[in-house]
Amino acid sequence: MGPDAHDVKAITILNRIVEWKEDCICLEADPRHVDMIIQDLELKTANGVTTPGEHVARGKEEENDVELGPEEATHYRSIAARANYL
């Protein structure tokens, strides 16, 4: 890799794409990890929102605020580790 015309401009290292550009070297995460997270969280048909969340009144519990079982906790940790790797 390098700046010369005959040099390679893009390579893959550990399934990450490394690109040589005029003013920088770009490192792109393995796109398969993004696809796996989307699949695991069943977000394939999800829509965006204009606000990231809503205010919850003090003392009110979220309806989804329940303790995860061992298998669900392992699944959550797996997704979180994959996102952290990205």
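These numbers come from the heavy atoms of this one structure, side chains and all, not from hydrogens, waters or symmetry mates.
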- prompt: If two hydrophobic side chains count as joined below 4.5 Å and joins carry through other members, does Ile37 share a cluster with Val34?
  reply: yes

message: Starting from Val8, can I reach Ile25 by hopping between I/L/V/M/F/W/Y residues whose side chains sit under 4.5 Å apart?
response: yes

message: Please report the interatomic distance CZ(Arg77) to CZ(Arg82), rounded to the nearest 0.5 Å.
response: 15.0 Å

message: Between Thr74 (side chain only) and Pro70 (backbone N and O only), is there a donor and an acceptor less than 3.5 Å apart?
response: yes

Asn84 side, atom CG; His33 side, atom NE2 - distance, nearest 0.5 Å: 12.0 Å

- prompt: Who passes salt bridge (charged side-chain N to carboxylate O under 4.0 Å, His left out) against Asp40, sequence neighbours left out?
  reply: none

- prompt: Other than Met36, what residues sit in its cluster of Ile, Leu, Val, Met, Phe, Trp and Tyr side chains whose heavy atoms are under 4.5 Å apart, directly or through others?
  reply: none

- prompt: Of the non-hydrogen atoms in Ala29 and Leu86, which two are nearest, and what is the gap between them?
  reply: CB-CD2, 3.4 Å

field: Shared hydrophobic cluster, Ile17 / Leu27 (ILVMFWY, side-chain heavy atoms < 4.5 Å)
entry: no

Listed once per pair and sorted, the side chain to side chain donor-acceptor pair (under 3.5 Å) pairs that draw on residues 4-27, sequence neighbours left out: Arg16-Tyr85

- prompt: Are Val66 and Leu41 connected in a single hydrophobic cluster, I mean Ile/Leu/Val/Met/Phe/Trp/Tyr linked by side-chain heavy atoms less than 4.5 Å apart?
  reply: no

